[in-house]
Amino acid sequence: MTFALSSAASGVLASIPSPTISYVDLGPFRIHFYALCIVAGIIVALLLTNARLTRRGAEKWVVIDICLLAVPLAIIVARIYHVATHAGFYFGPGSNPWNITQPGSVWAIWEGGIAIYGALIGGAIGAILGCKWSGIRFWTFADALAPGLIIAQAMGRFGNWFNQELFGQPTDLPWGLEIAPGNPAIPVGLPAGTLFHPTFLYEVIWNLLGAAVILYVGKRFTLQWGKQFAIYLMWYSAGRIVWESIRVDPSDIILGLRTNVWAAIFGVVLGLVIFIVQSRRHHGLEPSPYVPGRESKAPGAVDSTDPSDFVDVSEPPATSDTVGTSATSSPATN
């Protein structure tokens, strides 16, 4: 009886299966689950960032004005970064870089291939422009974004699971990931049924823990001036160094390390520099989420939620015809 229970317990999690489908066809449209994971992450990040910015005193939904520039630039630069760091995959022998109607083109973003660090570069450029447009302090926006961003990245990793990509080295651990035979990322010579480290799951767990850490320390120590975003950079990048080091998918190598490992090391250093510099430059709290002179409640500003801001509700002025007269009129004489 004891042996039976032990065997059952050990077989509870013998492996993690990969999904057998990665898209669904709705009439003439093909919906890729990878894209749905990315979109869902963006929505969650937008909602959480809006709530955090509003609590700081910003106008509701000003985050949309910023994201109109930040999100498209993040996606575009993320794809460019991925293609540039996997040039051999897209431009090697037998490749098809430019024909969008064929698999494997540089345009086929729905097949996977969005580099997080490229997204950070493009998103930062778009956010700086969007903040200048809306009057929000960039570092205020970055702090508000930090927990939502790392949650969005966790959600996006499920897209890699559906695409059966970015998995780690072979493993015999009970949570090894099943990958369909014939996957081009599987190293040559491995026996059928080999399991791999589910790096997507490792990153999901790490990122969700990171979101909790950012929310806790941000509130506990009242971190502002970009210091919450600095913690995001250090936390996310520290984990990424590990996950990138055990992945088996092809990548450009520089001085013995994958390009994304170098990017993650730079992310840790940059986050540390931002935290130290901002701590030395700013000892107090941010006076406002807006740069001086761009406050939403500046003199003359209109709040559409308060009718008295644009409707005259004062008493009408007295005139010479009404002063001293009775409220009732006398009948006219013939």
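Heavy-atom basis, side chains included; hydrogens, waters and symmetry copies ignored. Positions are given from 1, in the same order as the sequence printed here.
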Review point. Can you name the side chain to side chain donor-acceptor pair (under 3.5 Å) partners of Q164, sequence neighbours left out?
Key: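 Not a single residue meets the side chain to side chain donor-acceptor pair (under 3.5 Å) criterion with Q164.
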Point to revise | side chain to side chain donor-acceptor pair (under 3.5 Å) involving Y202 - partner list, sequence neighbours excluded | key: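 Partners of Y202 by the side chain to side chain donor-acceptor pair (under 3.5 Å) criterion, ordered by chain and then number, come out as W175, H197.
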Looking at [X] and [Y], what are the two nearest heavy atoms and their distance?
X	Y	value
V77	G118	CG1-O, 3.2 Å
L173	L195	O-CD1, 4.4 Å
F158	A154	CD1-O, 3.6 Å
L233	G267	CB-O, 3.8 Å
I31	L26	CG1-CD1, 3.9 Å
S18	L177	OG-CD1, 3.5 Å

Drop me the distance from [X]'s [atom1] to [Y]'s [atom2], to the nearest 0.5 angstrom.
X	Y	atom1	atom2	result
I274	I231	CD1	CD1	11.5 Å
L209	I150	CG	CD1	9.0 Å
Y34	W161	OH	CH2	16.0 Å
L145	L46	CG	CG	9.5 Å
Q169	S245	CD	OG	9.0 Å
L149	I214	CG	CD1	8.5 Å

Side chains of [X] and [Y] in contact at under 4.5 Å (non-hydrogen atoms):
X	Y	value
L47	V63	no
L223	D143	no
I16	E178	no
I151	N207	no
P289	E59	no

If you look only at pairs with a residue in [range], which of them pass as a salt bridge (charged side-chain N to carboxylate O under 4.0 Å, His left out), with sequence neighbours excluded?
range	value
residues 219-244	R240-E244, E244-R247, E244-R258
residues 16-40	D25-R30
residues 150-160	R157-E203
residues 271-281	none

Practice item. Check the pair Q224 / T140 against side-chain hydrogen bond (donor to acceptor under 3.5 Å, both in side chains), numbers first and verdict last. Key: CA-CA 7 Å; Q224 297 181 355; T140 303; over 6 Å; no
Has [X] got a side-chain atom pairing as donor or acceptor with [Y]'s backbone, closer than 3.5 angstrom?
X	Y	value
N183	A185	yes
E286	W225	yes
N50	W61	yes
T49	A45	yes
T199	L166	yes

Review point. Once the angle between the rings of F196 and F167 is folded into 0 to 90°, is it parallel (under 30°), tilted (30 to 60°) or perpendicular (over 60°)?
Key: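 It falls in the tilted class, 30° to 60°.
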Review point. Once the angle between the rings of F229 and W139 is folded into 0 to 90°, is it parallel (under 30°), tilted (30 to 60°) or perpendicular (over 60°)?
Key: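 If you compare the ring of F229 with that of W139, the planes turn out tilted.
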Do you reckon [X] sits in the same ILVMFWY cluster as [Y], going by side-chain contacts under 4.5 Å, direct or chained?
X	Y	value
L190	I246	yes
I76	L129	no
M234	V273	no
I253	V242	no
L68	I66	yes

For [X], ring-ring contact (aromatic ring centres under 6.0 Å, His included) partners two or more places apart:
X	value
W235	W206
Y216	none
Y81	none
F33	F162

Review point. So R137 and Y290, side chain to side chain contact (heavy atoms under 4.5 Å, CB included) or not? Walk me through it.
Key: CA-CA 5 Å; R137 296 177 189 269; Y290 290 90; 5.9 Å; no
**Study point:** Working for side chain to side chain contact (heavy atoms under 4.5 Å, CB included), residues D249 and E165
**Key:** CA-CA 8 Å; D249 55 295; E165 59 186 0; over 6 Å; no
Check your understanding: Hey, what else clusters with I254 if you join Ile, Leu, Val, Met, Phe, Trp, Tyr whenever side-chain heavy atoms sit under 4.5 Å?
Key ->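 Via sub-4.5 Å side-chain contacts, I254 links to I241, L255, L257, V261, W262, I265, V268.
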Point to revise | S237 versus Y232, side-chain donor and acceptor atoms under 3.5 Å | key: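 No, no side-chain donor-acceptor contact under 3.5 Å.
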Review point. Can you check whether F141 and F138 have ring centres sitting under 6.0 Å from each other?
Key: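 Ring-ring flag for F141/F138: false, centres at least 6.0 Å apart.
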Exercise for review: State which residues pass side-chain contact (heavy atoms from CB on, under 4.5 Å) with L215; sequence neighbours excluded, sorted by chain then number.
Suggested key: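 Partners of L215 under the side-chain contact (heavy atoms from CB on, under 4.5 Å) test: R52, P147.
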